[in-house]
Colleague: 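I'd like to ask some things about the structure below.
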Amino acid sequence: MGKRVALVLAGCGVFDGSEIHEASAALVHLSRGGAEVKIFAPSIEQRDVVNHLKGSPTDEKRNVLVESARLARGNIQDLAELKASEFDAVIFPGGFGVAKNLCSWAVDGKNCTVNEHVRSTLQAFHGAKKPIGLCCISPVLAAKVFPGCEVTVGQDKNVDGRFPDAETASAIAELGCKHICKNVNESHVDKANKIVTTCAFMCKAPLHEIFDGIGTMVQEVLKLA
């Protein structure tokens, strides 16, 4: 019987929701691993709506759950309904929606607040000693909720111009967590906390390398489940 995995989305689109390639990669690797997946998102208003063609905000209002349903092909539930007891693991793809909708990292950095349902979901899986997978910017959720944990967002220096958001590693360290430097095709396993992280689009890399890195994260989550 396959592992039961909850996938939590933050909207649809890199600049104001979940990063579509990351969400798709996670789903493909979960499918390949024989997992049974259910998708969730909080029913809240997005912090902003971005015109992805122009890269600029609009005056629109959109709901995170409704937008996430695009990625889930309509098969999605409100995050408030997620019960950790019904799953073996949880995974959070990245995208600016994580830093805008699931928490306020995009505005407040390490002083951010985390959405109540996101926080309670993370705490429920952690408390039950069930693995948590995070990629791209979403490791900051673990850093904020679980001081002392180990995560990676890639490198702590902008190596060869490939890690333009390397300062995120310093902010994670300031929260009392340990940042582990990893390449884009690797993931880090915090065995004590059962938290698995990979940097994905925090690195400027070919799409197949990002896809492979997410694959290592998914594989490690399924091993721990």
Colleague: Which atom names give the shortest non-hydrogen contact between Val184 and Arg162, and what distance separates them?
Modeller: CG1-NH2, 4.2 Å
Colleague: Would you check, one step at a time, whether the test side-chain contact (heavy atoms from CB on, under 4.5 Å) holds for Leu27 with Leu7?
Modeller: CA-CA 8 Å; Leu27 287 166; Leu7 188 83; 3.8 Å; yes
Colleague: For residues 82-114, which residue pairs qualify under ring-ring contact (aromatic ring centres under 6.0 Å, His included), counting only residues two or more places apart or in two chains?
Modeller: Phe40-Phe87
Colleague: Of all the heavy-atom pairs spanning Lys3 and Ala225, show the shortest one and how long it is.
Modeller: NZ-O, 3.2 Å
Colleague: Is the backbone of Thr168 close enough, under 3.5 Å, to the side chain of Asp165 for a donor and an acceptor to pair up by distance?
Modeller: no
Colleague: Of all the heavy-atom pairs spanning Cys177 and Ala143, show the shortest one and how long it is.
Modeller: SG-O, 3.4 Å
Colleague: Can you find a heavy atom in the side chain of Cys136 that is under 4.5 Å from one in the side chain of Glu19?
Modeller: no
Colleague: Can you sort out the partners of Asn185 under side chain to side chain contact (heavy atoms under 4.5 Å, CB included), two or more places apart, ordered by chain and number?
Modeller: Asn183
Colleague: Using side-chain heavy atoms (C-beta onward) and a distance below 4.5 Å, is Thr58 in contact with Val50?
Modeller: no
Colleague: Before you tell me yes or no, could you show the steps for Thr152 and Cys181 under side-chain contact (heavy atoms from CB on, under 4.5 Å), namely the whole-Å CA-CA distance, both residues' side-chain angles and the distance that decides it to 0.1 Å?
Modeller: CA-CA 6 Å; Thr152 187; Cys181 291; 5.8 Å; no
Colleague: Determine whether Val5 and Leu222 make a side-chain contact, defined as any pair of heavy atoms from C-beta on separated by less than 4.5 Å.
Modeller: yes
Colleague: Is Glu220 paired with Lys223 through a side-chain N to carboxylate O contact shorter than 4.0 Å?
Modeller: yes
Colleague: Less than 4.5 Å apart, any side-chain heavy atom of Leu141 and any of Val118?
Modeller: yes
Colleague: Would you indicate whether the side-chain heavy atoms of Arg73 and Asn75 approach each other to under 4.5 Å?
Modeller: no
Colleague: Just wondering, do His21 and Pro93 contact through their side chains at under 4.5 Å, heavy atoms?
Modeller: no
Colleague: For a quick test of reading the model, state the closest non-hydrogen atom pair linking His179 to Gly154 and the distance between them.
Modeller: CE1-O, 3.4 Å
Colleague: Quick one: does Ser43's side chain get under 4.5 Å of Asn63's, heavy atoms only?
Modeller: yes
Colleague: By the rule that ILVMFWY residues connect when side-chain heavy atoms come within less than 4.5 angstrom, directly or transitively, which residues belong alongside Phe163?
Modeller: Val159
Colleague: Locate the shortest heavy-atom distance separating Ala89 from Val221; write the atom from each residue and the value.
Modeller: CB-CG1, 3.6 Å
Colleague: Between Gly11 and Ser68, which heavy-atom pair has the shortest distance, and what is it?
Modeller: N-OG, 2.8 Å
Colleague: Just wondering, do Glu45 and Lys61 contact through their side chains at under 4.5 Å, heavy atoms?
Modeller: yes
Colleague: Quick check: is Val145 connected to Ile172 through a chain of hydrophobic side chains (ILVMFWY, heavy atoms under 4.5 Å apart)?
Modeller: yes
Colleague: May I ask you to say whether Lys100 pairs ionically with Asp48, meaning some side-chain N is under 4.0 Å from a carboxylate O?
Modeller: yes
Colleague: Quick check: is Val140 connected to Val114 through a chain of hydrophobic side chains (ILVMFWY, heavy atoms under 4.5 Å apart)?
Modeller: yes
Colleague: Test your reading of the model: is there a side-chain donor-acceptor pair from His29 to the backbone of Phe211, 3.5 Å cut-off?
Modeller: yes
Colleague: With sequence neighbours left out, write down each residue that passes side-chain hydrogen bond (donor to acceptor under 3.5 Å, both in side chains) with His188, or none if nothing qualifies.
Modeller: Glu150
Colleague: Excluding sequence neighbours, so at least two apart, what forms side chain to side chain contact (heavy atoms under 4.5 Å, CB included) with Leu53?
Modeller: Asn51
Colleague: Using atom types as modelled, flag every donor-acceptor pair under 3.5 Å from a side chain in residues 121-128 to any protein atom, sequence neighbours excluded.
Modeller:
unit_1	atom_1	unit_2	atom_2	d
Thr121	OG1	His117	O	2.7
His126	NE2	Asn193	OD1	2.8

Colleague: With a 4.0 Å cut-off on N to O distance, would you call Glu67 and Arg62 a salt bridge?
Modeller: yes
Colleague: With the 4.5 Å side-chain cut-off for hydrophobic clustering, are Leu102 and Ile39 part of the same group?
Modeller: no
Colleague: Going by distance alone, is a donor N or O of one side chain under 3.5 Å from an acceptor N or O of the other, for Ser187 and Thr198?
Modeller: no
